[in-house]
Amino acid sequence: MKTILLAALLVSAAGPAFAFLDNTGGSAAQFLQIGAGARPYGMGDAFCAVAEGPDAMHWNVAGLAGMKAPSFSYTHAEPAASVRHEYAAYGHPVPFLKGTLGVSLTYMAADSLPVVTNANLESGRFTPNSESFSLAYATKFGIGEHRSSRDYYGEYWNVPGVHRPLSQGVEPWTGTLQAGIGFKYARENIHKRSGSAFLFDGGVLFRPVWLKGLALGFAFRNLGEQLRFIDSGRAAPAEFDFGAAYLVPVKRSRFLAAAGVTVPYYGSPEGRLGLEYGFRLNKSLEAALRLGMKSRTFDDLDPVTALTAGVGLGMGRTTVDIGIQPMAELGVGYKVSLGYRF
């Protein structure tokens with residue numbers, strides 16, 4: 001199962017690579033790029049290597065493998081005026097499958113628009129909307145080898161004047177690898193026309209034993225067929241995501257730093273940075289403060305739109321998160337998330 005899953009991830013990622021050169025048009029289903037969760041939003045969407053919980057289905061499906069209990073998350077977002085985005089996800093560890101299964105549902109709608117005839121007469125109104133449904137699986141396993149005996153060095157370890165501690169027996173690729181793949185059905189509806197496509201996501205997360213707290217991630221999203229409207233088709237917003245994160249535990253608190261680069265099928269690469277400081281208020285209440293930065297809107301709108309911020313509260317099995325991003329003339333984008341661990 002592990003070998004098959006890794007092979008599927010490699011083939012899926014390599015197949016459309018040529019499109020980075022050949023694709024000269026735009027993409028459809030842009031709602032698939034809005035993201036999931038207020039926590040990632042507050043961290044500048046630098047979440048590829050952090051991905052955990054049900055929201056990992058969007059950022060890096062491999063993150064589902066880290067779940068220890070069934071969990072649910074729901075996010076309401078208004079990334080710009082007149083646009084509403086809803087996201088719900090559920091992840092459930094399944095021991096006999098040696099991994100975690102996840103499902104998610106995304107829905108986006110804009111304010112209603114008038115239907116205008118070729119005679120410039122209004123004949124009604126319609127509401128553009130989009131939705132997607134995803135199903136995913138992720139697992140984790142150890143790779144590499146941690147040498148625990150000086151036999152590894154044979155006759156060379158005991159050299160006079162040379163110190164060879166046992167810790168040097170760890171191969172650099174030794175650690176925990178999480179891998180996952182997901183399948184998605186996406187649909188866009190514009191008045192009486194609609195387009196749909198079957199897409200898939202995948203990713204890996206690696207945590208080395210030689211540097212506790214470090215995580216390296218790679219993910220691809222929205223690869224697959226085109227969404228067809230009438231006789232023409234448009235590619236989905238496929239993208240490749242690379243990220244790194246480092247967690248520093250401190251007494252009664254923790255500090256998380258994350259960075260990433262997203263390379264889209266169409267458009268310019270985007271850099272992302274995120275910081276999170278979490279601390280315990282009492283035995284049952286935790287809080288978190290977040291800051292982030294992403295480059296995509298820096299030139300398009302205004303430099304201040306590159307910044308994001310957020311806060312979070314954890315109360316037992318329940319979490320509540322809020323993230324905001326100034327959007328210049330478009331107002332202030334925000335996301336509110338509710339999570340529950342069963």
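Predicted, not measured: the structure shown is a model, and the values here were computed from it. Along the sequence shown, residues carry numbers from 1.
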Next item on the list: Could you give me the CA-CA distance, side-chain angles and deciding distance for I143 and F206, then say whether side chain to side chain contact (heavy atoms under 4.5 Å, CB included) is met?
Entry: CA-CA 9 Å; I143 60 173; F206 174 63; 3.7 Å; yes
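- Using modelled atom types, one finds a donor on one side chain and an acceptor on the other under 3.5 Å when comparing Y334 with E78.
- Hydrophobic clustering (ILVMFWY, side-chain heavy atoms < 4.5 Å, transitive): V311 and V320 are in one cluster.
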Next item on the list: Please lay out, stage by stage, how L214 and K212 fare under the test side chain to side chain contact (heavy atoms under 4.5 Å, CB included).
Entry: CA-CA 6 Å; L214 176 67; K212 188 176 181 180; over 6 Å; no
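- We find that E188 and R193 are not joined by a salt bridge, their nearest charged nitrogen and carboxylate oxygen being 4.0 Å or further apart.
- The shortest side-chain heavy-atom distance between F133 and T106 does not fall under the 4.5 Å cut-off.
- Under 3.5 Å, the side chains of S194 and R187 contain a donor-acceptor pair of N or O atoms.
- Using cut-offs of 30° and 60° on the angle between ring planes, the pair Y185 and F198 is tilted.
- With D321 as the partner, the salt bridge (Lys or Arg N to Asp or Glu O under 4.0 Å) test is satisfied by one option alone out of R39, K335, R290: R290.
- In terms of modelled atom types and a separation under 3.5 Å, the side chain of T308 and the main chain of Y41 share a donor-acceptor contact.
- Here F242 and F218 bring their ring centres to under 6.0 angstrom of each other.
- Of the possible polar contacts, one joining the S295 side chain to the G271 backbone as a donor-acceptor pair under 3.5 Å is found.
- Note on ring orientation: taking the six-membered ring where Trp is involved, the planes of F342 and Y90 are perpendicular (angle over 60°, cut-offs 30° and 60°).
- When every heavy atom of G37 is checked against every heavy atom of D55, the shortest pair comes out as CA-OD2, 3.5 Å.
- Put simply, the side chain of T139 gets close to the backbone of K98: a donor and an acceptor are under 3.5 Å apart.
- Counting only heavy atoms from C-beta outward, the side chains of L205 and K140 never approach each other to under 4.5 Å.
- The two residues L227 and A236 come nearest to each other via the heavy atoms CD1-CB, 4.1 Å.
- The backbone N or O of G278 sits nowhere less than 3.5 Å from a side-chain atom of R254 that would complete a donor-acceptor pair.
- Under the 3.5 Å distance criterion, with hydrogens and angles disregarded, a donor-acceptor pair is assigned to the side chains of Q178 and R207.
- The two atoms that bring G217 and N60 nearest to each other are CA-ND2, 4.2 Å, heavy atoms only.
- V332 and V336 fall within a single hydrophobic cluster, where Ile, Leu, Val, Met, Phe, Trp and Tyr side chains are chained together by heavy-atom contacts under 4.5 Å.
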Note to self: One pair to check against side chain to side chain contact (heavy atoms under 4.5 Å, CB included): N222 and D201. What are the steps and the verdict?
What the structure shows: CA-CA 6 Å; N222 308 318; D201 308 328; 3.9 Å; yes
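- Summarising the geometry of S337 relative to T75, their closest heavy-atom pair is OG-OG1, 2.8 Å, with the distance given to 0.1 Å.
- Aromatic ring centres of F72 and Y74: separated by at least 6.0 Å.
- For P93 against P70, the heavy-atom pair with the smallest separation is CD-N, 3.7 Å.
- With S73 contributing its side chain and P54 its backbone, the two residues share no donor-acceptor pair below 3.5 Å.
- Here the closest non-hydrogen pair linking T100 and G91 is CG2-C, 4.3 Å.
- Counting heavy atoms from C-beta on, the side chains of L64 and Y137 never come closer than 4.5 Å.
- Other residues, nucleotides and ligands place more than 12 heavy atoms under 6.0 Å from the CZ atom of R280.
- The closest side-chain donor-acceptor pair between E239 and Y265, if any, does not fall under 3.5 angstrom.
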Checklist line | Full working for salt bridge (Lys or Arg N to Asp or Glu O under 4.0 Å) between R84 and E86 | finding: CA-CA 7 Å; R84 300 174 304 283; E86 317 292 340; 5.6 Å; no
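- Put simply, OG1 on T262 and CD on Q33 are 9.0 Å apart, with the number rounded to the nearest 0.5 Å.
- Put simply, the side chain of L32 reaches to within 4.5 Å of the side chain of K184, judged on heavy atoms.
- Between the OG atom in S196 and the CD atom in E225 there is a gap of 7.0 Å [rounded to 0.5 Å].
- A distance of 9.5 Å separates CG in L313 from OG1 in T319, rounded to the nearest 0.5 Å.
- Taking the six-membered ring where the residue is Trp, F220 and F200 present perpendicular rings, their angle passing 60° and hence far from 30°.
- Side-chain heavy atoms closer than 4.5 Å link hydrophobic residues (I, L, V, M, F, W, Y) into clusters, and following such links, possibly through other members, connects F240 to V261.
- Hydrophobic cluster membership is shared by Y277 and L285, with clusters built from Ile, Leu, Val, Met, Phe, Trp and Tyr side chains linked at under 4.5 angstrom.
- One finds the CG atom of N282 at 11.0 Å from the CE atom of M315 (value rounded to the nearest 0.5 Å).
- Between the CG atom of N129 and the CG atom of N189 there is a distance of 4.5 Å, given to the nearest 0.5 Å.
- Judged by distance alone, with hydrogens and angles left aside, the side-chain atoms of S71 form a donor-acceptor pair with the main-chain N or O of A69 at under 3.5 Å.
- Cluster membership check: V83 shares its hydrophobic cluster with F31, using side-chain heavy-atom separations under 4.5 Å among Ile, Leu, Val, Met, Phe, Trp and Tyr.
- Clustering of Ile, Leu, Val, Met, Phe, Trp and Tyr side chains at separations under 4.5 Å places L256 together with M43, F47, V50, W59, L247.
- Side-chain contact check for R272 versus D241: some heavy-atom pair is nearer than 4.5 Å.
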Next item on the list: Could you give me the CA-CA distance, side-chain angles and deciding distance for M108 and I34, then say whether side chain to side chain contact (heavy atoms under 4.5 Å, CB included) is met?
Entry: CA-CA 10 Å; M108 189 187 78; I34 290 179; 3.5 Å; yes
